[in-house]
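Here the structure comes first, spelled out in structure tokens, and everything after it is commentary.
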There are 2 protein chains.
Amino acid sequence: MQNNQSESSLSPPMVHVVDDDEAVLDAVGMLLDSIGQLNTCYKDAQVFLNAYNEPDFDKHNGCIVLDMRMPVISGIECQHRLEELGCSMPIIFVTGHGDIPTAVEAMKQGAVEFIQKPYREQQLIDAIQKALQINLKTQKQTKKVQQTHSKLALLTKRETQILEAVVSGKANKVIAIELHLSQRTVEIHRAHVMDKMEVKSLAELVKIVVDASPAE
Amino acid sequence: MQNNQSESSLSPPMVHVVDDDEAVLDAVGMLLDSIGQLNTCYKDAQVFLNAYNEPDFDKHNGCIVLDMRMPVISGIECQHRLEELGCSMPIIFVTGHGDIPTAVEAMKQGAVEFIQKPYREQQLIDAIQKALQINLKTQKQTKKVQQTHSKLALLTKRETQILEAVVSGKANKVIAIELHLSQRTVEIHRAHVMDKMEVKSLAELVKIVVDASPAE
DNA sequence: ACAGCAATAAGCATTTATACGTAAATTTAG
DNA sequence: CTAAATTTACGTATAAATGCTTATTGCTGT
């Protein structure tokens, strides 16, 4: 297994715009073009989801602007499908005839904005900017966690055991007794752990391991 | 100064109801009484905030039902104040004449529900139940974080400085040079930090400090 | 003004903990 | 069977924790 992380944070983010009203779609597309923002437009949710499932589709770098009221697959439905597909891009909803329960539902599902038509262009641009900022932050965090997991995968069983004990704050002496080992053996495993995890201090080790743990 | 954290996770949760309409307030109070749910009613946000700032007020065990439209201090304003006061109780908004932007704003600020009047009683009960569940889940974490902050507040400037350096992984020797101190002085401050933070190992220290840091 | 206290700083000595280098034996998995 | 993993001994060096002591500063209450 290798490090297959591409440097997505370096490539420009894509804004995916989904709206069944072609006039709106074109307008938003041109608006984004005018500010030099990379974008792709989709005439309905199904077309977007199909594109999303293409192997070369970047599922994590950018954000999504979703119209609420669309035929066949609604914005909310699309949000749910994306959730299931593990999409990490923030969603901005745009709607003409929204009601409060729908807006609340969308926000509870994690939407970053819910904008009503008609809106000022700047309003949408601000929301997109904010969404992209959130996305950038998520990406960095996710990347770090994945890198830590790659390193953790390189540890042997014993090393993992020692790592857990060390991170939980036990002294080498204690670990040695608990695992029926000599102190020297613990020291060597510990040194290997520090090497493989690419850290120079216990503090760093604890931080990256805790960060990459279940609760987050 | 002592450990003044009570074992709130063991005591029954309190539902705080804030509504300027006395009829509504009484009705909700009785509804909650009828299902055996501990509750306190407040006739406006100021009364609630005053109670909140009483020293014996449990700031973390329960949830809050907030009316949106109230004189002097609105629901949203109250939410903001509570946020600033470090309140970790989930908020359920109830409103008669809400609009989408307000609802979206409330949800963005972390509200768990936004219910429109008139609502079915069961709807409110479900929301409260869900809020209390969320509260239970986050309580232990929040409690730990606040306890850490209490301990951090007991540190002197120097000790805080040393803490930061230690947590960032620097050796005493390095810290001594950077702060123009002798190693012995660093060792003493460090020992005081360990005492005051009530930890026995560097690993524990790093964990509680990182846990209680801005990014969370 | 003076005594008392907390914070800060530091020296000296001791013990414990951690980090490595060298060497070698055993076990395990491909 | 070979390579990687695991284990350990002996020894040295650096780092950290701790006890005891001293001293300066700045604030506080009488």
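We name chains A, B, ... by the order of the sequence lines, and we start the count at 1 in each one. This is a predicted model, so every value here is computed, not measured.
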With a cut-off of 3.5 Å and sequence neighbours excluded, list every side-chain donor-acceptor pair involving residues 87-97 of chain B.
{"unit_1": "B/Ser88", "atom_1": "OG", "unit_2": "B/His60", "atom_2": "ND1", "d": "2.8"}
{"unit_1": "B/Thr95", "atom_1": "OG1", "unit_2": "B/His97", "atom_2": "N", "d": "3.4"}
{"unit_1": "B/Thr95", "atom_1": "OG1", "unit_2": "B/Gly98", "atom_2": "N", "d": "3.4"}

> Quick one: bend of the helix from C/dA1-D/dT30 to C/dG30-D/dC1 from 5 pairs per end, to 10°?
Replying inline: 60°
Close N or O pairs between protein and nucleotides 14-20 of chain D (under 3.5 Å):
{"unit_1": "D/dA16", "atom_1": "OP2", "unit_2": "B/Asn172", "atom_2": "N", "d": "3.2"}
{"unit_1": "D/dA17", "atom_1": "OP2", "unit_2": "B/Arg190", "atom_2": "NE", "d": "3.2"}
{"unit_1": "D/dT18", "atom_1": "O4", "unit_2": "B/Arg184", "atom_2": "NE", "d": "3.4"}
{"unit_1": "D/dT18", "atom_1": "O4", "unit_2": "B/Glu187", "atom_2": "OE1", "d": "3.4"}
{"unit_1": "D/dG19", "atom_1": "N7", "unit_2": "B/Arg184", "atom_2": "NH2", "d": "3.2"}
{"unit_1": "D/dG19", "atom_1": "O6", "unit_2": "B/Arg184", "atom_2": "NE", "d": "2.7"}
{"unit_1": "D/dG19", "atom_1": "O6", "unit_2": "B/Arg184", "atom_2": "NH2", "d": "2.6"}
{"unit_1": "D/dC20", "atom_1": "N4", "unit_2": "B/Arg184", "atom_2": "NH2", "d": "3.3"}

> Do you know the tightest heavy-atom contact between A/Cys63 and A/Ile128?
Replying inline: SG-CG2, 4.1 Å
Please list every donor-acceptor pair under 3.5 Å in which a side-chain atom of residues 71-79 of chain B meets a protein atom from a residue at least two apart or in another chain.
{"unit_1": "B/Ser74", "atom_1": "OG", "unit_2": "B/Glu77", "atom_2": "N", "d": "3.1"}
{"unit_1": "B/Glu77", "atom_1": "OE2", "unit_2": "B/Arg81", "atom_2": "NE", "d": "2.9"}
{"unit_1": "B/Glu77", "atom_1": "OE2", "unit_2": "B/Arg81", "atom_2": "NH2", "d": "3.4"}
{"unit_1": "B/Gln79", "atom_1": "NE2", "unit_2": "B/Ala106", "atom_2": "O", "d": "3.3"}

> Who pairs with B/Ile177 by side chain to side chain contact (heavy atoms under 4.5 Å, CB included), at least two apart in sequence or on another chain?
Replying inline: none
> Heavy-atom contacts under 4.0 Å between residues 175-182 of chain A and DNA chain D, which residues?
Replying inline: A/His180, A/Leu181, A/Ser182
Result block: side-chain N/O donor-acceptor pairs under 3.5 angstrom for residues 160-168 of chain A, not counting sequence neighbours:
{"unit_1": "A/Thr160", "atom_1": "OG1", "unit_2": "A/Thr156", "atom_2": "O", "d": "2.8"}
{"unit_1": "A/Gln161", "atom_1": "OE1", "unit_2": "A/Arg158", "atom_2": "NH1", "d": "2.7"}
{"unit_1": "A/Ser168", "atom_1": "OG", "unit_2": "A/Ala165", "atom_2": "O", "d": "2.9"}

> Taking only residues two or more places apart in sequence or in another chain, which ones pass side chain to side chain contact (heavy atoms under 4.5 Å, CB included) with B/Ala191?
Replying inline: none
> Which residue pairs pass the salt bridge (charged side-chain N to carboxylate O under 4.0 Å, His left out) test when at least one of the two sits in residues 11-23 of chain B, sequence neighbours left out?
Replying inline: B/Asp19-B/Lys117
> Considering residues at least two apart in sequence or located in another chain, which fulfil the salt bridge (charged side-chain N to carboxylate O under 4.0 Å, His left out) criterion with A/Glu159?
Replying inline: A/Lys196
>> Taking any atom closer than 4.0 angstrom to a non-hydrogen atom of chain B, what span of DNA chain C does the protein reach, first nucleotide to last?
In response: C/dA7 to C/dC12
> Which residues pass the salt bridge (charged side-chain N to carboxylate O under 4.0 Å, His left out) test with B/Lys108, sequence neighbours left out?
Replying inline: A/Glu113
>> Base, sugar-phosphate or nothing for B/Thr185? Non-hydrogen atoms, less than 4.0 Å.
In response: base
> If only atom types and distance count, is the side chain of A/Thr185 paired as donor or acceptor with the main-chain N or O of A/Leu181 below 3.5 Å?
Replying inline: no
> Less than 4.0 Å between a side-chain N and a carboxylate O, is that true for B/Arg184 and B/Glu187?
Replying inline: yes
>> Once you measure the plane-to-plane angle for A/Phe48 and A/His16, does it fall in the parallel (<30°), tilted (30-60°) or perpendicular (>60°) bin?
In response: tilted
